[in-house]
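Keep in mind that the numbers below use all heavy atoms, side chains included, and drop hydrogens, waters and symmetry copies. Naming convention: chains lettered A, B, ... in sequence-line order (proteins, then strands); numbering from 1 in each chain.
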Protein chains: 2
Amino acid sequence: MSLKAYGRKGMARAGLTPQRLTRAGAELADEVGFDHVTVSALARRFDVKVASLYSHLRNSHDLKTRIALLALEELADRAADALAGRAGKDALTALADVYRDYAREHPGRYAATQFRLDPATAAASAGVRHAQMTRAILRGYDLTEPDQTHAVRLLGSVFHGYVSLEMGGGFSHSAPDTQQTWSRTMDALDALLRNWPEP
Amino acid sequence: MSLKAYGRKGMARAGLTPQRLTRAGAELADEVGFDHVTVSALARRFDVKVASLYSHLRNSHDLKTRIALLALEELADRAADALAGRAGKDALTALADVYRDYAREHPGRYAATQFRLDPATAAASAGVRHAQMTRAILRGYDLTEPDQTHAVRLLGSVFHGYVSLEMGGGFSHSAPDTQQTWSRTMDALDALLRNWPEP
DNA sequence: ACATTTTCCTAATAGGTTTAGGCAAATTCC
DNA sequence: GGAATTTGCCTAAACCTATTAGGAAAATGT
């Protein structure tokens, strides 16, 4: 017999697991926005009573944390993929595009990556992979160790800041179009890294 | 008689106005975080029943919009102040510091500036002053018109991205300290604007 | 002093979160 | 294959927040 009951009217189990709920939560986030993700809405989606979810999730915060971790993983996977075999400006734009594209395809998940994780969770998350990959790109440029860290932070700021402003409509309806700005921003960052200033 | 009743137990009015509520809402945001700002919490703070606020505020979204507008105003005022009499890199760092300091002093209000406003409200907000001031700084550098727009967006991205990551703990507990990075970032942006690359 | 307006209140509805305790389905063990 | 046990989902309930409708008292105007 199939795991899935018809409309869940005649009993039978729904097959809830933390993973399944997290995945569905991520989809829900993309549909309605990360901060409209609610335990109740998720229960509705599984045609199950709200209380049932609490055997699989500690609470609402736990759900959001799991979605955030999922998104960070996905994003790091995409980044790793995109960086394979690339270096220099090529790698830089590839990474930047990963962020931008992910945010466009999965706005809710992208918002989830900004969910504030407690330090322990953050340290164990894919967030660290992101930092490592950005660092890897910088090996194609000639920076001293402390400046490499500064550059990692700067790149992170630009990518996140840009994507976040663009998603929030910050640049909307003003010419020139944002694709232009994006590609000129890549030019600018590449030039900056090749010509990193002395203090 | 004073406007303010003791504990509001024996009637007498509380003196609610949209402005007062907005201001208190902003303080509340700084204390508990912008997305924990709630009509109920605000009512509690005025020792008044929740429903009473609905004569002064359309709804929760309205409250948040007002707080966002307040924060944008404050921020633009600070920026205008900081820019007076400055140019070039001096102006650049002054503006950047305004953002960073404001976010540190008023995290809730700063978060409010990211609240998504509908296009009409946004157009009438102090947000446009921000863009103009950034543009003003760029007049100290030698950029063609389209590149000026790109640069405005880039600066906005860096400022917002940096502040937002720093507030979210993104850079925490890693050496070197963030003040270093901040000042090197200013060096980098100044160098970039002076040496803006061809396409 | 009286009529009007304003401001706050009570009452009610509707959702979201979370816990406690129950019964039936699935799994495990003879 | 049936009994014992575990697991999964449900009911019920308490407690938040948001929002609307309608009432009563305070402030204001004439």
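- At least one donor-acceptor pair under 3.5 Å links the side chain of A:R20 to the backbone N or O of A:G15.
- Every residue two or more places apart in sequence or in another chain was checked for a ring pair (Phe, Tyr, Trp, His ring centres under 6.0 Å) with B:W196, and none qualifies.
- Atom pair B:L57:CG and C:dC8:P shows a separation of 12 Å (rounding to whole Å applied).
- If you measure from atom NZ of A:K64 to atom C1' of C:dT18, you get 15 Å, rounded to the nearest angstrom.
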Are any protein N/O atoms closer than 3.5 Å to N/O atoms in nucleotides 4-8 of chain D? If there are, list each pair with its distance.
| unit_1 | atom_1 | unit_2 | atom_2 | d |
| --- | --- | --- | --- | --- |
| D:dT7 | O2 | A:R13 | NH2 | 2.7 |
| D:dG8 | O4' | A:R13 | NE | 3.3 |
| D:dG8 | O4' | A:R13 | NH1 | 3.1 |
| D:dG8 | O4' | A:R13 | NH2 | 3.4 |

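- Distances shorter than 4.0 Å separate none of the side-chain N or O atoms of B:S52 from OP1 or OP2 on C:dT7.
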**Prompt:** Reading nucleotides 11-16 of chain C 5' to 3', which nucleotides get B (base under 4.0 Å from a protein heavy atom), which S (sugar-phosphate only), which -?
**Reply:** B----S
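- Minimum atom distance to the side chain of A:Y54 is reached by C:dT19, of the listed D:dT11, C:dT19, D:dT19.
- Remark: B:R58 engages no residue in a side-chain hydrogen bond (donor to acceptor under 3.5 Å, both in side chains) (not counting sequence neighbours).
- A:H150 is linked by a ring pair (Phe, Tyr, Trp, His ring centres under 6.0 Å) to nothing, counting only residues two or more places apart in sequence or in another chain.
- Separating the NZ atom of B:K49 from the P atom of D:dT17 is a distance of 13 Å, rounded to the nearest angstrom.
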Report, one line per pair, each donor and acceptor closer than 3.5 Å where one atom sits in a side chain of residues 81-89 of chain B; sequence neighbours left out.
| unit_1 | atom_1 | unit_2 | atom_2 | d |
| --- | --- | --- | --- | --- |
| B:R86 | NE | B:A82 | O | 2.8 |
| B:K89 | NZ | B:D187 | OD1 | 2.5 |

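- Atom CG in A:N59 sits about 17 Å away from atom P in D:dC16, given to the nearest Å.
- Among residues two or more places apart in sequence or in another chain, the ring pair (Phe, Tyr, Trp, His ring centres under 6.0 Å) test is passed with A:F34 by A:F115.
- The closest donor-acceptor contact from the side chain of A:S52 to the backbone of A:V48 lies at 3.5 Å or more, if one exists at all.
- Look at NE2 on B:H36: it is 16 Å from C1' on D:dA18, rounded to the nearest Å.
- Going from atom CG of A:L53 over to atom P of D:dC10 covers 9 Å, rounded to whole Å.
- Atom C1' of nucleotide C:dT18 and atom CG of A:L63 are separated by 14 Å, given to the nearest angstrom.
- The ring pair (Phe, Tyr, Trp, His ring centres under 6.0 Å) search around A:F159 returns A:Y99, not counting sequence neighbours.
- Contacts of B:R139 classified as side-chain contact (heavy atoms from CB on, under 4.5 Å), with partners at least two apart in sequence or in another chain: B:A136.
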